[in-house]
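Here is the structure we will look at, set down as structure tokens.
Here, residue 1 is the first one in the sequence, and each next residue gets the next number. Just follow the structure's listing: the first ligand is 1, and inside any ligand the first atom is 1.
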Amino acid sequence: MAIITPKAQTTRHRIIGIVNEEDYQMVFSDTPGIIKPAYKLQETMMDAVEGSLEDADILLFVTDINEKHDEQDVLEKITKSTAKLMVVINKIDESNQGQVDEKINYWKEKLNPEAILGISALHNYNVEPIMEFILENLPVHPPYYEKDELTTRTERFFVSEMIREKIFKFYKKEIPYSTEVIITSFKEAKDIIRISSEIIVERDSQKNILIGPGGAMLKKVGTYARKDMEEFLQKKVFLEIFVKVIPDWRNRSNYLKSFGYEE
Ligand SMILES: Nc1nc2c(ncn2[C@@H]2O[C@H](COP(=O)(O)OP(=O)(O)OP(=O)(O)O)[C@@H](O)[C@H]2O)c(=O)[nH]1
Ligand SMILES: [Mg+2]
């Protein structure tokens, strides 16, 4: 459900994904990656992390085989939690057994988790044991959500994310990080869904880059995003995108709030 791009800090919100089976319900809470916040938007992203840590029965700490992060922040957050911990080392397709063993030992020493696993999400390798670990450690509790619910997020949210995914994929440097996407209207008719959206940027220069020569870049964003939406909504989509400048929106609480950045 969550959008995926090669750039860091793609995920900005907590996104709930629910797995429903006959005799259990797993509620996954995807969060932004842990960073030291440099502006208000990032502070709200870290609030989303905190909220998830508080609620969780089980913590899946997803790191990857190449990751060299500012680990002290991450470690502090994780060791403070009382949840059962599994360390998941992703992207082992980019490494060899020796490197995997080295990382496993490293994380054993650092975090002493209940379980630790090398996986490749890309190749769906070793993913099943994650589900087994969760199932073994799932507390007995009535389901938190209706058994036919898949998420708590709306269709509007997911379509806005589809536009943001294209921006993260097609633009460089600060553009993705200076951008927000708003769905201003979502109208469902019999055979088509009409969606209007705004891409918010911080400066006129960014607006020009976003639109591109003769509007070509924005058209590309729209075309690819619309295809994703049509697949997701199983209906024809008419998508409009406008670009708007709001100086310094990433640091302005009122805008952040209206864009849904508050737990
Ligand atoms: N080689 C390899 N790449 C992977 C694997 N799993 C994910 N990726 C790539 O890693 C990149 C980041 O994936 P995301 O899902 O956006 O990562 P995330 O951890 O959610 O990161 P943020 O949302 O940005 O905090 C994408 O380009 C994925 O295609 C894997 O098992 N192997
Ligand atoms: Mg993500």
Side-chain angles (χ1 to χ4, degrees), residues 1-18 27-39 41-53 56 58-71 73-75 77-78 85-104 107 116-131 150-153 157-181 221 224-225 228 232 250 259-261 263:
M1 289 173 148
I3 56 169
I4 298 170
T5 85
K7 295 199 179 68
Q9 295 170 55
T10 298
T11 301
R12 288 180 179 170
H13 297 272
R14 176 179 188 174
I15 302 170
I16 302 280
I18 305 165
V27 180
F28 286 88
S29 190
D30 185 22
T31 72
I34 301 173
I35 44 164
K36 265 204 183 70
Y39 41 88
L41 167 65
Q42 293 183 331
E43 284 172 25
T44 72
M45 288 161 61
M46 292 313 102
D47 291 343
V49 175
E50 298 289 348
S52 297
L53 285 174
I58 300 168
L59 217 62
L60 301 176
F61 171 50
V62 184
T63 173
D64 77 50
I65 197 83
N66 312 305
E67 199 139 25
K68 292 183 191 69
H69 41 61
D70 186 358
E71 53 185 60
D73 295 19
V74 178
L75 297 187
K77 284 216 164 55
I78 291 171
L85 176 65
M86 175 185 241
V87 174
V88 179
I89 305 166
N90 191 23
K91 306 193 189 177
I92 62 168
D93 52 281
E94 291 179 344
S95 70
N96 57 42
Q97 193 58 48
Q99 288 165 301
V100 175
D101 292 341
E102 199 180 302
K103 279 280 177 192
I104 288 180
W107 286 114
I116 183 158
L117 199 63
I119 72 154
S120 170
L122 192 64
H123 300 284
N124 201 22
Y125 171 79
N126 228 11
V127 174
E128 202 43 44
I130 301 178
M131 300 300 271
L150 295 175
T151 182
T152 56
R153 294 271 170 192
F157 173 77
F158 287 109
V159 299
S160 74
E161 289 285 273
M162 285 165 193
I163 299 174
R164 219 164 51 75
E165 180 182 79
K166 303 313 167 213
I167 297 168
F168 267 68
K169 282 189 169 158
F170 299 156
Y171 298 87
K172 291 194 277 261
K173 296 186 183 155
E174 94 286 7
I175 297 287
Y177 301 102
S178 309
T179 299
E180 177 59 27
V181 177
V221 169
Y224 280 87
D228 284 2
F232 176 70
R250 295 184 301 179
F259 299 160
Y261 290 103
E263 284 288 287

ask   = What residue and heavy atom of the protein are closest to atom 11 (C) of ligand 1, and at what distance?
value = Thr5 O, 3.5 Å
task = Consider only side-chain N and O atoms of Gln99 and Glu94, and report whether a donor and an acceptor are under 3.5 Å apart.
result = no
ask   = Short check: any N/O/S atom of Thr11 below 2.8 Å from the Mg ion (ligand 2)?
value = yes
task = Verify the contact flag for atom 21 (O) of ligand 1, where contact means a protein heavy atom under 4.0 Å away.
result = no
task = Determine yes or no for a side-chain-to-main-chain donor-acceptor pair under 3.5 angstrom, with Glu165 supplying the side chain and Ile4 the backbone.
result = yes
inquiry  = Given Arg12, Met45, Lys91, identify the one with the heavy atom nearest to atom 8 (N) of ligand 1.
reply    = Lys91
note = Of all heavy-atom pairs linking Pro32 and Met45, the shortest is CG-O, 3.6 Å
query = Parallel, tilted or perpendicular: which fits the ring planes of His13 and Tyr261, with parallel below 30° and perpendicular above 60°?
reply = parallel
request  = Distance to 0.1 Å, residue and atom name: give those for the protein heavy atom nearest to atom 7 (C) of ligand 1.
outcome  = Asn90 ND2, 3.8 Å
query = More than 12 non-hydrogen atoms from neighbouring residues, nucleotides or ligands closer than 6.0 Å to OH on Tyr125, yes or no?
reply = no
ask   = Can you list the atoms of ligand 1 that are under 4.0 Å from a heavy atom of Gly33?
value = 25 (O)
note = Heavy-atom proximity to atom 13 (O) of ligand 1 ranks first, among Thr63, Ile34, Ile4, Ile15, for Ile4
Check: Thr5 side chain, Thr10 main-chain N or O, donor-acceptor pair, under 3.5 Å = no
remark   = If we number the atoms of ligand 1 from 1 as shown, the ones under 4.0 Å from a heavy atom of Thr10 are 22 (P), 23 (O), 24 (O)
message = My question is simple, although I want it checked carefully: is atom 18 (P) of ligand 1 less than 4.0 angstrom from any protein heavy atom?
response = no
query = Will you find, in the side chains of Ser29 and Arg14, an N or O donor that is under 3.5 Å from an N or O acceptor?
reply = yes
Polar side-chain atom of Lys91 near backbone of Asp64 as donor-acceptor pair, under 3.5 Å = no
message = Donor-acceptor pair, distance only, cut-off 3.5 Å: does the side chain of Asn126 make one with the backbone of Gly118?
response = yes
ask   = Taking N or O atoms only and a 3.5 Å limit, does Thr11 qualify as a polar contact for ligand 1?
value = yes
message = Heavy-atom count check: over 12 atoms from other residues, nucleotides or ligands less than 6.0 Å from Tyr224 OH?
response = no
remark   = For Leu122, the ligand 1 atoms with a heavy-atom partner under 4.0 Å come out as 1 (N), 2 (C), 5 (C), 6 (N), 30 (C), 31 (O), 32 (N)
task = Any atoms of ligand 1 less than 4.0 Å from a non-hydrogen atom of Ala8? List them with their elements.
result = 24 (O)
remark   = min-distance protein heavy atom vs atom 27 (O) of ligand 1 -> Pro6 CA, 3.3 Å
Ligand 1-proximal atoms of Asp93, by part, heavy-atom distance under 4.0 Å = side chain
query = Does the protein place any heavy atom closer than 4.0 Å to atom 3 (N) of ligand 1?
reply = yes
remark   = Numbered in order shown, the ligand 1 atoms found under 4.0 Å of a heavy atom of Glu94 are 1 (N)
key: 4.0 Å heavy-atom contact, Lys7 with ligand 1   = yes
Residue among Val87, Ile34, Val88 satisfying side chain to side chain contact (heavy atoms under 4.5 Å, CB included) with Phe61 = Val87
